[in-house]
Amino acid sequence: MDMVEALNGVLGYVNSYLDYAYFGVIGADFDFSQAVHFGVGKPDGSSALIYWIPKNILAETIETTVSLSVKTDFVKGDVHLVDLLSGDIYALPPEIMNTDNDGNLCFNNVPATDSPMMITFGDFCS
């Protein structure tokens with residue numbers, strides 16, 4: 001299975017491909033220099049920030065928290081945390097979210113592991 005099929009598209013049928021747009025992350029505070037993060041957006045205005053800390057899973061695992069911020073322009077609708085390994089979806093408590101002096105939405109101490117986690121904005125998972 002390739003990425004097109006994984007996103008409910010049919011290989012070779014361009015009209016079935018989902019068009020995701022990239023959006024930028026203002027900042028992310030990770031305690032690890034090898035953290036990976038990127039953002040995607042859908043045509044309906046929903047978006048997601050995906051992040052993880054890559055480790056050799058045969059030798060070590062990691063569970064920690066990170067703090068990050070995104071432009072509020074990309075934040076539309078409800079905010080959820082998705083564990084992409086288990087498929088669990090969590091509502092983020094308001095006390096970990098705040099707005100900084102530049103108007104960016106900041107997340108403090110969200111869980112981070114060696115498998116991808118995703119913060120969604122709006123109906124990204126539907």
Side-chain angles (χ1 to χ4, degrees):
M1 177 186 306
D2 67 9
M3 185 56 82
V4 169
E5 293 166 323
L7 295 174
N8 301 320
V10 177
L11 190 59
Y13 182 59
V14 178
N15 291 339
S16 70
Y17 297 177
L18 295 176
D19 183 19
Y20 290 90
Y22 171 80
F23 73 86
V25 177
I26 290 297
D29 263 342
F30 293 96
D31 291 334
F32 305 93
S33 61
Q34 298 179 359
V36 176
H37 60 282
F38 64 93
V40 293
K42 291 172 62 173
D44 68 0
S46 62
S47 55
L49 172 65
I50 302 163
Y51 63 96
W52 69 95
I53 301 170
K55 292 291 179 183
N56 178 352
I57 61 172
L58 297 177
E60 59 186 317
T61 60
I62 189 162
E63 290 186 19
T64 187
T65 63
V66 297
S67 296
L68 49 93
S69 61
V70 297
K71 290 183 178 182
T72 53
D73 300 348
F74 300 105
V75 179
K76 297 189 177 32
D78 295 331
V79 180
H80 293 94
L81 176 68
V82 180
D83 182 335
L84 294 176
L85 184 62
S86 69
D88 293 333
I89 300 174
Y90 306 94
L92 287 175
E95 59 267 12
I96 69 166
M97 296 181 283
N98 61 48
T99 305
D100 67 11
N101 293 336
D102 295 326
N104 300 314
L105 181 61
C106 301
F107 299 91
N108 300 306
N109 299 318
V110 290
T113 66
D114 53 359
S115 64
M117 303 290 281
M118 178 169 67
I119 298 176
T120 64
F121 309 98
D123 294 327
F124 189 83
C125 292
S126 60

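The basis for the numbers below is simple: all heavy atoms, side chains too, and nothing from hydrogens, waters or symmetry mates.
- Scanning both residues, G103 and T72, for their nearest heavy atoms gives O-CG2, 2.7 Å.
- Distance alone, capped at 3.5 Å, places no donor-acceptor pair between the K42 side chain and the S47 backbone.
- Among residues two or more places apart in sequence or in another chain, the side chain to side chain contact (heavy atoms under 4.5 Å, CB included) test is passed with D102 by D100, N104.
- Heavy-atom minimum distance, W52 versus I50: CZ3-CG2, 4.0 Å.
- Residues satisfying the side chain to side chain contact (heavy atoms under 4.5 Å, CB included) criterion with P93, sequence neighbours excluded, are E95, I96.
- When all heavy atoms of I53 and A112 are compared, the closest pair comes out as CD1-CB, 4.0 Å.
- Listed by chain and residue number, D83, S115 satisfy the side chain to side chain contact (heavy atoms under 4.5 Å, CB included) test with L85 (two or more places apart in sequence, or in another chain).
- Not counting sequence neighbours, N98 has no partner by the side chain to side chain donor-acceptor pair (under 3.5 Å) test.
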Dump the intermediate steps for side-chain contact (heavy atoms from CB on, under 4.5 Å) on V70 and F121, then the final yes or no. CA-CA 11 Å; V70 297; F121 309 98; 4.1 Å; yes
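- Taking the side chain to side chain donor-acceptor pair (under 3.5 Å) definition, one finds that N101 meets it with nothing, sequence neighbours left out.
- Between the CD1 atom in I119 and the NE2 atom in H80 there is a gap of 12.0 Å [rounded to 0.5 Å].
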Determine, stepwise, if the pair C125 / V82 fulfils side-chain contact (heavy atoms from CB on, under 4.5 Å). CA-CA 9 Å; C125 292; V82 180; 4.0 Å; yes
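- Here CG of D78 is found 15.0 Å from CZ of F124. Values are rounded to the nearest 0.5 Å.
- Residues I89 and L81 form no side-chain contact, since every pair of their non-hydrogen atoms from C-beta on lies 4.5 Å or further apart.
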Step by step, work out the side-chain contact (heavy atoms from CB on, under 4.5 Å) result for T99 and C106. CA-CA 6 Å; T99 305; C106 301; over 6 Å; no
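- Contact annotation: the side chain of E63 never approaches that of P111 to less than 4.5 Å [non-hydrogen atoms, C-beta and beyond].
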I would like to know whether V110 and T65 meet side-chain contact (heavy atoms from CB on, under 4.5 Å); could you show each step before the answer? CA-CA 5 Å; V110 290; T65 63; over 6 Å; no
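- Between the CE atom of M118 and the CG atom of L84 there is a distance of 5.0 Å, given to the nearest 0.5 Å.
- In this view, D123 and S126 satisfy the side chain to side chain contact (heavy atoms under 4.5 Å, CB included) rule, not counting sequence neighbours.
- Residues L92 and F107 form a side-chain contact, since some pair of their non-hydrogen atoms from C-beta on lies under 4.5 Å apart.
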